[in-house]
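A short worksheet on the structure shown next.
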Amino acid sequence: MNKKSRSSVEMNDKSFRPAVANKLEDTENIKMLILAFPIWWYVAPTIINTFLEQYDWNDKIIIPVATSGSSGMGNTNTELESSCPGAILKDGKRFDANVSEKEIKAWFTKEKQLYRW
Ligand SMILES: Cc1cc2nc3c(=O)[nH]c(=O)nc-3n(C[C@H](O)[C@H](O)[C@H](O)COP(=O)(O)O)c2cc1C
């Protein structure tokens, strides 16, 4: 809620791209990406855009997974689309911020079956 906090300053400027510390070594063989993040002001933190923009996601499936206090996925995908051109961006799944590991595992097992992973 502090307007001068780092997250507030960063999220006020949608073009801001916080740096990601590590790089993925090989994205060629990734067919499906589970992209997990907390919802910040109704969307993904812009560091998620930084991450996506570092690689080519064309024809790859991306499933956003978020935790939040109460909001749904909101405009999340609209804000992510331009950072992963050509990707098949799914609706994704929102969990409560205090979701249990068991709940996540149950969802993940279902997703794996759905996509025959
Ligand atoms: C800067 C910031 C903005 C947030 N904005 C939202 C929001 O718009 N809607 C919501 O339901 N929760 C919001 N939250 C709560 C986070 O989604 C929640 O803390 C997170 O999913 C839990 O992960 P964490 O333990 O890494 O914070 C926000 C949290 C922070 C720090």
Side-chain angles (χ1 to χ4, degrees):
M1 294 300 174
N2 180 346
K3 295 249 182 299
K4 290 185 182 151
S5 69
R6 182 177 162 187
S7 61
S8 298
V9 172
E10 289 184 6
M11 293 304 284
N12 269 336
D13 176 3
K14 287 287 163 66
S15 65
F16 190 83
R17 293 290 182 267
V20 178
N22 300 312
K23 272 207 114 186
L24 293 180
E25 284 186 4
D26 173 26
T27 52
E28 278 292 296
N29 295 319
I30 297 177
K31 290 201 177 81
M32 188 184 294
L33 176 75
I34 306 267
L35 185 66
F37 48 85
I39 295 283
W40 275 13
W41 305 121
Y42 310 101
V43 293
T46 48
I47 195 167
I48 300 299
N49 297 83
T50 313
F51 167 76
L52 289 174
E53 288 163 11
Q54 285 179 315
Y55 311 99
D56 178 7
W57 300 105
N58 192 41
D59 281 340
K60 296 182 195 287
I61 296 174
I62 301 179
I63 306 179
V65 184
T67 52
S68 79
S70 60
S71 329
M73 296 299 269
N75 281 337
T76 306
N77 277 8
T78 315
E79 303 274 340
L80 293 179
E81 267 165 12
S82 57
S83 297
C84 53
I88 303 147
L89 193 56
K90 296 288 183 183
D91 284 346
K93 172 81 178 161
R94 175 260 168 197
F95 289 102
D96 201 70
N98 56 13
V99 61
S100 68
E101 195 176 327
K102 194 176 160 202
E103 218 180 317
I104 294 178
K105 277 188 176 158
W107 170 80
F108 187 58
T109 305
K110 273 198 201 155
E111 286 300 283
K112 281 206 308 199
Q113 284 163 355
L114 186 67
Y115 291 99
R116 301 201 170 112
W117 197 350

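All ligand and atom numbering here is 1-based and tracks the order in the structure.
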Just need the protein heavy atom nearest to [atom], so name the residue and atom and give the distance.
{"atom": "atom 29 (C) of ligand 1", "value": "Trp40 CD1, 3.8 Å"}
{"atom": "atom 22 (C) of ligand 1", "value": "Thr67 OG1, 3.7 Å"}
{"atom": "atom 24 (P) of ligand 1", "value": "Pro38 CB, 4.8 Å"}
{"atom": "atom 8 (O) of ligand 1", "value": "Tyr42 N, 2.9 Å"}
{"atom": "atom 16 (C) of ligand 1", "value": "Ile39 O, 3.5 Å"}
{"atom": "atom 5 (N) of ligand 1", "value": "Trp41 N, 2.8 Å"}

(request) Answer with yes or no whether the hydrophobic clustering places Leu24 together with Leu80; edges join I, L, V, M, F, W, Y residues whose side-chain heavy atoms lie under 4.5 Å apart. (result) yes
(message) Quick check: is Ile47 connected to Leu52 through a chain of hydrophobic side chains (ILVMFWY, heavy atoms under 4.5 Å apart)?
(response)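 Yes, Leu52 connects to Ile47 through the hydrophobic network.
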(request) Using atom types as modelled and distance alone, determine if a side-chain donor or acceptor of Thr46 lies under 3.5 Å from a backbone N or O of Asn49. (result) no
(request) Identify the two heavy atoms, one from Arg94 and one from Asp96, that lie closest to each other, and give their separation to 0.1 Å. (result) NH2-OD1, 3.2 Å
(request) Flag Ser7 as yes when one of its N or O atoms lies below 3.5 Å from any N or O atom of ligand 1, and as no otherwise. (result)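 No; the residue has no nitrogen or oxygen that sits under 3.5 Å from a nitrogen or oxygen of the ligand.
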(message) Can you confirm, on distance only, whether ligand 1 has an N/O atom lying under 3.5 Å from any N/O atom belonging to Ala97?
(response) no
(message) For the OH atom on Tyr42, are there more than 12 heavy atoms of other groups (residues, nucleotides or ligands in this structure) within a distance under 6.0 Å?
(response) no
(message) Quick check on atom 27 (O) of ligand 1 - does any protein heavy atom sit closer than 4.0 Å to it?
(response) no
(message) Salt bridge check, Lys93 against Asp91: does any charged N sit closer than 4.0 Å to a carboxylate O?
(response)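 Here Asp91 does not pair with Lys93 in a salt bridge, since their nearest N and O are not under 4.0 Å apart.
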(request) Mind telling me whether Phe95 and Trp107 have parallel, tilted or perpendicular rings, with 30° and 60° as the class edges? (result)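 The arrangement is perpendicular - the two ring planes meet at more than 60°.
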(request) With heavy atoms only and a cut-off of under 4.0 Å, state how Ser71 meets ligand 1: side chain, backbone, both or neither. (result) both
(request) From atom 12 (N) of ligand 1, work out which of Pro45, Gly69, Ser70, Ala66 has a heavy atom at the shortest distance. (result)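 When every heavy atom of Pro45, Gly69, Ser70, Ala66 is considered, Gly69 comes closest to atom 12 (N) of ligand 1.
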(request) Starting at CD1 of Ile61, measure out to NZ of Lys31 and round the result to the nearest 0.5 Å. (result)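 These two atoms lie 10.0 Å from each other.
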